[in-house]
Amino acid sequence: MSKIITRFAPSPTGYLHIGGIRTALINHLIVEKNKTEFPDSKFFLRIEDTDKKRSKDEYFQSIVKSLKWLNIQWDGNIYKQSENINKHIEIANELLRIKGAYKCICTTEELEERRKKNLLKGLSLKKLCNNCEGDPNIQKLEKDFCIRIKIEKSNFTEIDDKIQGKIKISNDELDNFILLRKDGTPTYMLSVVVDDYLMGITHIIRGDDHLNNAFRQFHLYKNLGWIVPKFAHIPLMFGDDGKKLSKRHGSIEVLDFKNKGYLSEAIVNYLAKFGSSNDKDEVLQKKQIIYNFNFNSIVKSPSRFDYNKLNFINSLYLNEINDEDLLRELKENFNLKIKNNLVDLILKLINLYKKRSHNIEELNKNIKSFINFEIAEYKKVSSENEKKILNQFFIYINNENDWSKDKIEKNLKEFVNQNNIKFSHLAEPLRMILTGSKKGPSLSEIMIILEKKETISKINKFLI
RNA sequence: GACCCCUUCGUCUAUCGGUUAGGACACCAGGUUUUCAUCCUGGAAAGACGGGUUCGAUUCCCGUAGGGGUCGCCA
């Protein structure tokens with residue numbers, strides 16, 4: 001082992017989603033782990049912004065913000081692929097010079113034609129340009145050509161992927177992919193390899209969808225006489241229905257999770273466990289996650305995103321956050337507006353409700369429904385029996401001056417016993433008018449928080 | 001269609017030829033809380049299919065099926 005240099009290289013053509021950030025996390029973790037032994041290991045962030053039409057600044061911002069939110073810190077400055085285009089072009093020409101590439105004048109239409117023909121005949125759709133390479137006249141051209149890579153035909157290419165294992169394919173499966181377009185701009189395939197080389201990347205860790213590219217890029221390294229880096233292709237993440245992650249699975253963009261009130265640490269924890277057998281423990285500190293990271297524990301098959309599990313993890317973390325921090329979060333990011341005289345009450349509610357909320361959005365909903373509950377509206381739909389019970393309870397509790405937890409509980413119990421009703425017959429309507437929901441914290445806890453005055457007042461509002 | 005990858009409870013996974021196939025989430029039941037939740041205890045729940053190899057296969061091999069990825073002068 002020696003130092004490890006990795007990169008996360010998203011293109012800013014869409015918001016960063018949860019599957020993408022998993023890739024970033026893995027890149028980050030392997031480097032963090034390696035840093036303990038080799039401090040000059042690095043994790044770089046490179047933005048692949050060569051497709052100017054589709055690249056947008058807001059997507060770039062989303063990438064940066066997402067990484068920062070999850071505390072996936074990269075080393076050094078952010079690289080932008082577009083800034084290095086001249087170097088890419090230079091390498092393409094160099095490749096031409098050393099006969100690792102050739103000029104091609106096939107038009108898109110011609111290629112499309114051949115592709116169709118081959119498809120009908122059941123032939124390979126690769127290596128559609130067959131004649132240009134051997135044509136001296138074409139190779140002498142000064143303009144109006146694109147540059148394609150030369151790949152030796154009858155042979156095999158083998159890659160020893162850190163996750164996928166050894167994979168061998170026939171070179172017939174490889175096309176003479178384009179390095180430099182007719183307009184002189186470099187393609188992704190060229191830019192990636194050149195940048196990775198220049199940045200000294202030792203491990204290319206990325207999504208499974210790039211596995212096929214690895215074989216092609218392999219030859220670019222070879223033709224240039226560069227050392228081929230190690231590859232690790234991570235299986236893709238699917239939605240809960242086993243289909244490719246998309247909008248219809250709900251929140252899949254990283255920042256959606258932030259907006260819903262999932263916690264950074266919980267997401268990292270979930271992602272670290274996702275599709276891997278790293279650790280038997282469910283709840284992991286970042287230190288443990290780093291320490292335990294291992295390519296071997298990443299499962300080769302794609303796995304599904306599971307909100308149940310995320311919710312479970314997130315509620316554990318949520319419960320650990322102190323009430324003041326949560327209040328600030330609710331006010332700043334969840335549009336919770338409260339009057340100053342209610343701050344103490346809200347803090348107590350947060351304490352009560354954070355235990356039973358999966359995320360901050362849910363906590364917010366609970367608190368808002370508590371505050372905004374319209375007792376008068378509920379009165380319209382409540383049953384006569386509920387009114388009768390609450391009326392009796394009002395009379396029963398109105399003169400009570402001992403508002404301690406023990407006494408409240410004793411009173412609640414005695415009341416139902418005296419009236420010979422089930423506890424839930426009192427609990428549900430009472431909790432409803434006190435909290436705005438039939439389900440929620442225990443009655444005695446709420447009554448203590450509300451104190452006698454507010455408790456009586458709410459019941460009274462319902463009765464009059 | 002071609003090439004490559006994958007396939008254990010509903011979901012995420014353990015098992016590196018011999019296990020009552022284990023755990024976690026979710027679910028269900030019981031207990032605690034005369035209340036929702038937590039918590040505790042328990043339960044149901046899996047080797048895609050078919051062939052080999054072997055004393056023995058979830059594990060190794062082959063095939064079939066299913067799923068996924070890739071096949072651009074996009075990245």
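Everything quoted here is computed from the prediction, not taken from an experiment. Order of the sequence lines sets the chain letters (A, B, ...), proteins ahead of strands, with each chain counted from 1.
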In whole angstrom, give me the gap between the [atom1] atoms of [N] and [M].
N: B/U70; M: B/A75; atom1: C1'; answer: 14 Å
N: B/C6; M: B/G42; atom1: P; answer: 38 Å
N: B/U7; M: B/U64; atom1: C1'; answer: 13 Å
N: B/G43; M: B/C36; atom1: C1'; answer: 23 Å

Most 5' of A/I178 and A/F274 on RNA chain B, judged by nearest nucleotide: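 The residue closer to the strand's 5' end, by nearest nucleotide, is A/F274.
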
Nearest-nucleotide 5' precedence on RNA chain B, A/Q164 against A/S11: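 Counting from the 5' end, the first nearest nucleotide belongs to A/Q164.
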
For [N], which nucleotide in any strand shown is its Watson-Crick or wobble partner with both distances under 3.5 Å?
N: B/A2; value: B/U70
N: B/G43; value: B/C27
N: B/U20; value: none
N: B/G63; value: B/C49

Just compare [options] and give me whichever is closest to any side-chain atom of [X].
X: A/F423; options: B/U13, B/U35, B/C25; answer: B/U35
X: A/S277; options: B/U34, B/A14, B/U11; answer: B/A14
X: A/R148; options: B/C25, B/C73, B/A75; answer: B/C73
X: A/S303; options: B/C12, B/C73, B/U34; answer: B/C12

Over all atoms of both residues, closest heavy-atom pair of A/N269 and A/L284: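 Between these two residues, the closest heavy atoms are OD1-N, 2.8 Å.
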
Heavy-atom side-chain contact between A/F274 and A/S303 under 4.5 Å: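 Yes; the side chains approach each other to less than 4.5 Å.
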
What nucleic acid atoms does [X] come within less than 4.0 Å of, heavy atoms only: base, sugar-phosphate, or nothing?
X: A/V192; answer: nothing
X: A/C106; answer: base
X: A/I169; answer: sugar-phosphate

Side-chain N or O of A/R115 closer than 4.0 Å to phosphate OP1/OP2 of B/G72: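 Affirmative; the distance criterion is met.
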
Any A/T108 side-chain nitrogen or oxygen under 4.0 Å from OP1 or OP2 of B/G72: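 The answer is no; no side-chain N or O of A/T108 sits under 4.0 Å from OP1 or OP2.
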
Between [X] and [Y], is any side-chain donor less than 3.5 angstrom from a side-chain acceptor?
X: A/T13; Y: A/S11; answer: yes
X: A/S55; Y: A/D49; answer: no
X: A/Q81; Y: A/S191; answer: no

Worked verdict on A/E94 versus A/R97 for salt bridge (Lys or Arg N to Asp or Glu O under 4.0 Å): CA-CA 5 Å; A/E94 167 71 6; A/R97 198 180 60 76; 3.1 Å; yes

Listed once per pair and sorted, the ring pair (Phe, Tyr, Trp, His ring centres under 6.0 Å) pairs that draw on residues 172-196 of chain A, sequence neighbours left out: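 Pairs touching residues 172-196 of chain A that pass the test: A/Y188-A/H210.
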
Within residues 353-371 of chain A or reaching into it, pairs that qualify as salt bridge (charged side-chain N to carboxylate O under 4.0 Å, His left out) - sequence neighbours excluded: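 Matches after skipping sequence neighbours: A/D323-A/K354.
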
Qualifying salt bridge (charged side-chain N to carboxylate O under 4.0 Å, His left out) pairs with a residue from residues 207-217 of chain A, counting only residues at least two apart or across chains: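 Qualifying pairs, neighbours excluded: A/D175-A/R216.
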
Over-ring placement of A/K150 relative to A/Y102, 6.0 Å and 45° cut-offs: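 That pair does not qualify as a cation-pi contact.
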
Lys NZ or Arg CZ of A/K286 over A/F293 ring: under 6.0 Å, within 45°: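 Verdict for A/F293: no cation-pi partner in A/K286.
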
Matching residue for A/F257 among A/Y15, A/Y270, A/F305 - test: ring pair (Phe, Tyr, Trp, His ring centres under 6.0 Å):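 Answer to the ring pair (Phe, Tyr, Trp, His ring centres under 6.0 Å) test with A/F257 among A/Y15, A/Y270, A/F305: A/F305.
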
CE-NE2 distance between A/M237 and A/H17, expressed to the nearest 0.5 angstrom: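 Separation between the atoms: 8.5 Å.
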
Find the distance [X]:[atom1] to [N]:[atom2] and express it as a whole number of Å.
X: A/R304; N: B/C6; atom1: CZ; atom2: P; result: 18 Å
X: A/K116; N: B/G72; atom1: NZ; atom2: C1'; result: 14 Å
X: A/N417; N: B/U35; atom1: CG; atom2: C1'; result: 14 Å
X: A/M447; N: B/U35; atom1: CE; atom2: P; result: 15 Å

Using nucleotides 61-70 of chain B, report all nitrogen or oxygen pairs with the protein that are shorter than 3.5 Å.
unit_1	atom_1	unit_2	atom_2	d
B/U70	O4'	A/N212	ND2	3.2

Of residues 44-60 of chain A, the positions that come close to RNA chain B - non-hydrogen atoms, cut-off under 4.0 Å: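 Under 4.0 Å from RNA chain B: A/E48, A/T50, A/D51, A/R54.
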
Check: B/A24 base within 3.5 Å donor-acceptor of A/K309 side chain: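 Answer yes: a donor N or O sits under 3.5 Å from an acceptor.
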
Quick test: give all pairs of protein nitrogen or oxygen and nucleotides 36-42 of chain B nitrogen or oxygen below 3.5 Å, distance rounded to 0.1 Å.
unit_1	atom_1	unit_2	atom_2	d
B/C36	N1	A/G440	O	3.0
B/C36	O2	A/R356	NH1	2.2
B/C36	O2	A/G440	O	2.2
B/C36	N3	A/R356	NH1	2.7
B/C36	N3	A/G440	O	3.1

